[in-house]
Amino acid sequence: MANSGLQILGFALSLLGLIGLIIGTILPQWKMSAYVGDNIITAVAMYEGLWMSCAFQSTGQIQCKVYDSILQLNSALQATRALMIVSIIVTLAGLGVACMGMKCTNCGGDDKTRKSRIAMTGGIVILVGALASVVACSWYAHDIIQAFYNPFTPVNTKYEFGSAIFIAWAGAFLALVGGAMLTASCPRGKSTPKYPISRPPSSKEYV
């Protein structure tokens, strides 16, 4: 019963993590314009995401433009794109595998040990997907920090962390915790009984 509750909790956390990864990947606020220096115009806030760049005006108007060419993007953005897509696909596949191995489902047969191993395999797949998103977010964050402290970067083109990267980080953390719970729900080997096993009396005793 305890393993079943651990599996349900791990599956729920992994599902929330997958939702966070999808939302973080779609949102354009991966990095936002940093208001540093003296002559900075704060009426327009610039945001850049994995797929588009947006300008938020103080009047409430939003103008977004999708990136024209993939080859013109820097290596960090291309790698982050690829890793986030791989992370979402792998995490989704891990959730499907884990769903077949959970005790509360009828998929995967009636063998409890086999189902638990399937759930553990799904947890490992989810961990791999979550680690891919952690690498993607950390790589993108490192690129932002490196450009921010680069003395050759113009002041009006410096960026800092946006809300989307924190959402993606939170989704990756939830997926890591959920995958670890699913992995830990695998039962241990059957313990041998401590009491002696009673045997039928031998026929030699009656001779």
Side-chain angles (χ1 to χ4, degrees), residues 7-35 44-70 72-100 102 119 122-148 158-183:
Q7 287 178 350
I8 294 174
L9 181 59
F11 186 85
L13 290 177
S14 301
L15 183 60
L16 290 175
L18 176 63
I19 295 173
L21 291 176
I22 294 175
I23 294 175
T25 303
I26 295 174
L27 289 178
Q29 291 92 350
W30 275 71
K31 61 181 180 179
M32 57 181 295
S33 54
Y35 300 114
V44 179
M46 300 297 298
Y47 292 91
E48 288 189 9
L50 301 182
W51 314 102
M52 64 184 69
S53 60
C54 296
F56 289 78
Q57 300 180 4
S58 59
T59 56
Q61 296 180 349
I62 302 174
Q63 294 180 349
C64 295
K65 180 183 178 182
V66 181
Y67 298 134
D68 297 328
S69 175
I70 299 178
Q72 292 180 353
L73 304 176
N74 56 22
S75 58
L77 182 55
Q78 293 183 19
T80 305
R81 267 186 173 186
L83 286 173
M84 290 302 294
I85 293 175
V86 169
S87 173
I88 292 173
I89 295 175
V90 172
T91 306
L92 184 60
L95 283 173
V97 175
C99 184
M100 292 190 296
M102 293 176 64
I124 294 174
V125 175
I126 292 173
L127 285 176
V128 173
L131 287 175
S133 59
V134 169
V135 172
C137 296
S138 301
W139 192 342
Y140 196 87
H142 173 72
D143 186 69
I144 295 175
I145 296 173
Q146 197 173 24
F148 185 87
K158 289 188 176 182
Y159 289 88
E160 57 187 2
F161 298 150
S163 58
I165 193 171
F166 293 108
I167 295 175
W169 257 325
F173 175 75
L174 290 175
L176 278 175
V177 175
M181 287 184 177
L182 287 170
T183 306

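Both backbone and side-chain heavy atoms feed into the values below; hydrogens, waters and symmetry mates do not.
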| request: Carefully, step by step, assess Val177 and Met181 under the rule side chain to side chain contact (heavy atoms under 4.5 Å, CB included). | output: CA-CA 6 Å; Val177 175; Met181 287 184 177; 3.9 Å; yes

| task | List the steps and the verdict of side chain to side chain contact (heavy atoms under 4.5 Å, CB included) for Ser163 and Trp30. | result | CA-CA 6 Å; Ser163 58; Trp30 275 71; over 6 Å; no

| query | Do you know which two heavy atoms are closest between Tyr67 and Glu48, and how far apart they sit? | reply | OH-CB, 3.7 Å

| message | So Met32 and Phe161, do their side chains get closer than 4.5 Å, heavy atoms only? | response | no

| Distance from Leu73 atom CG to Trp51 atom CH2, nearest 0.5 Å? | 10.0 Å

| said: Restricting to non-hydrogen atoms, name the atom on Gln7 and the atom on Ala119 that form the minimum distance, rounded to 0.1 Å. | reply: NE2-CB, 3.8 Å

| query | What's the verdict on side chain to side chain contact (heavy atoms under 4.5 Å, CB included) for Met46 and Phe56, showing C-alpha distance, side-chain angles and the deciding distance? | reply | CA-CA 6 Å; Met46 300 297 298; Phe56 289 78; over 6 Å; no

| query | Nearest 0.5 Å, what's the CZ-CZ distance between Phe173 and Phe166? | reply | 15.5 Å

| message | Quick check for you: to the nearest 0.5 Å, what is the distance between Gln29 atom CD and Ile165 atom CD1? | response | 12.5 Å

| task | Rounded to the nearest 0.5 Å, what's the gap from OG on Ser138 to CD1 on Ile145? Could you check? | result | 9.5 Å

| request: Write down the atom of Gly179, the atom of Ser14, and the distance for their closest heavy-atom approach. | output: N-OG, 3.4 Å

| With a 4.5 Å limit on heavy-atom distance, are the side chains of Cys64 and Tyr47 in contact? | no

Show the atom names and distances, to 0.1 Å, of all donor-acceptor pairs under 3.5 Å that link a side chain in residues 80-93 to residues at least two apart or in another chain.
unit_1: Thr80; atom_1: OG1; unit_2: Ala76; atom_2: O; d: 2.7
unit_1: Arg81; atom_1: NE; unit_2: Leu50; atom_2: O; d: 2.5
unit_1: Arg81; atom_1: NH2; unit_2: Leu50; atom_2: O; d: 3.0
unit_1: Ser87; atom_1: OG; unit_2: Gly129; atom_2: O; d: 2.5
unit_1: Thr91; atom_1: OG1; unit_2: Ser87; atom_2: O; d: 2.6

| message | Quick check: closest heavy atoms across Trp139 and Ala79, and the distance to 0.1 Å? | response | CZ3-CB, 3.4 Å

| task | Check Ala141 against Trp169 and note the closest heavy-atom contact, atom names and distance. | result | CB-CH2, 3.5 Å

| said: For a quick test of reading the model, state the closest non-hydrogen atom pair linking Gly24 to Ile167 and the distance between them. | reply: N-CG2, 4.0 Å

| Centroid-centroid under 6.0 Å between Tyr159 and Phe148 rings | no

| query | Atom CG of Leu127 and atom CG of Leu182: how far apart are they, to the nearest 0.5 Å? | reply | 8.5 Å

| remark: Interatomic distance, CE@Met52 vs NZ@Lys65, rounded to 0.5 Å, equals 12.5 Å

